[in-house]
Amino acid sequence: MKAADLVVTPTNLRFLGRQFPRTIGRGGFTNRKVEGDGATPRGVHRIVGMLYRPDRIAQPADWAVPIRPGDLWSDDVSDVDYNMMVRVPHAFSHEDLRRADPMYDVVIITDWNWPYAVKGRGSAIFIHQWRGKGRPTAGCVALSRAHLHWIAPRIKHNTRLVIA
């Protein structure tokens with residue numbers, strides 16, 4: 001592991017010498033991720049992007065991309081754009097990136113099953129704001145708003161998400 005890595009342990013997330021409470025998927029950790037299992041995949045995942053809501057927060061990093069009205073993420077294995085950011089109208093199952101709640105005000109995107117998705121292996125693993133301490137995700141890693149906003153501008157091109 002490198003000093004700049006985000007390291008998810010059984011009890012927290014470590015980054016730059018600090019420890020942060022975190023939540024993971026309702027299915028716990030897994031070595032064999034599949035679509036819909038709610039599990040968080042173990043492994044070393046590169047950080048490949050960051051999205052943010054410009055109507056709610058300032059740009060957290062100079063490389064972060066604004067989430068626009070109509071931005072979606074395809075989670076439908078029958079879609080040729082499975083596990084990719086897409087736009088409305090979109091006939092396949094998808095997740096709205098511009099949510100009414102603040103969960104996706106900052107979204108850090110990993111390379112889980114991306115950019116060449118294997119259908120059924122599970123769609124995006126993001127780092128995003130939690131619904132509350134101890135409340136599980138659908139497989140992503142989630143943090144408190146304050147901790148996510150502290151971490152986001154400190155991520156560099158070589159930062160990885162390491163899930164032990």
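Predicted, not measured: the structure shown is a model, and the values here were computed from it. Side chains included, hydrogens not; waters and symmetry mates left out as well; all remaining heavy atoms used.
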Those residues that, when tested against V118, pass side chain to side chain contact (heavy atoms under 4.5 Å, CB included) (two or more places apart): N113, R121
If every non-hydrogen atom of G25 is compared with every non-hydrogen atom of T40, which pair is closest and at what distance? N-OG1, 2.8 Å
Indicate whether any N or O donor in one side chain lies under 3.5 Å from an N or O acceptor in the other, for Q129 and S144. no
Any salt bridge (Lys or Arg N to Asp or Glu O under 4.0 Å) pairs touching residues 66-78, not counting sequence neighbours? R68-D71, D71-R87
Angle between ring planes, H90 versus F92, binned at 30° and 60°: parallel, tilted or perpendicular? tilted
Are R98 and D96 close enough for a salt bridge, meaning some N to O gap below 4.0 Å? no
Between F126 and W73, ring centroids under 6.0 Å: yes
Given K119, which partner from the list V77, D79, N83 fulfils the side-chain contact (heavy atoms from CB on, under 4.5 Å) test? V77
Atom of A61, atom of A152 and distance for their closest heavy-atom approach: CB-O, 4.3 Å
Determine the minimum heavy-atom distance between P41 and G139, stating which atoms define it. CD-O, 4.3 Å
What pairs meet the salt bridge (Lys or Arg N to Asp or Glu O under 4.0 Å) rule with one or both residues in residues 42-54, with sequence neighbours excluded? R46-D111, R53-D55
For residues R160 and M1, report the shortest heavy-atom separation together with the two atoms involved. NH2-CA, 3.8 Å
Which residues pass the salt bridge (Lys or Arg N to Asp or Glu O under 4.0 Å) test with R145, not counting sequence neighbours? D105
Closest heavy-atom pair, K133 versus P21, reported as atoms and distance to 0.1 Å, is CE-CB, 4.2 Å
Rounded distance [0.5 Å steps], OH in Y104 versus CD in E95: 3.0 Å
Which heavy atom of A124 sits nearest a heavy atom of C140, and at what distance? O-SG, 4.1 Å
Salt bridge (Lys or Arg N to Asp or Glu O under 4.0 Å): which pairs involve residues 17-30, sequence neighbours left out? none
Note: with side-chain heavy atoms under 4.5 Å as the link, the other cluster members for I163 come out as L6, V8, L13, F15, L16, F20, I24, F29, I47, M50, Y52, I57, W63, V106, I108, I127, V141, L143, L148, W150, I151, I155, L161
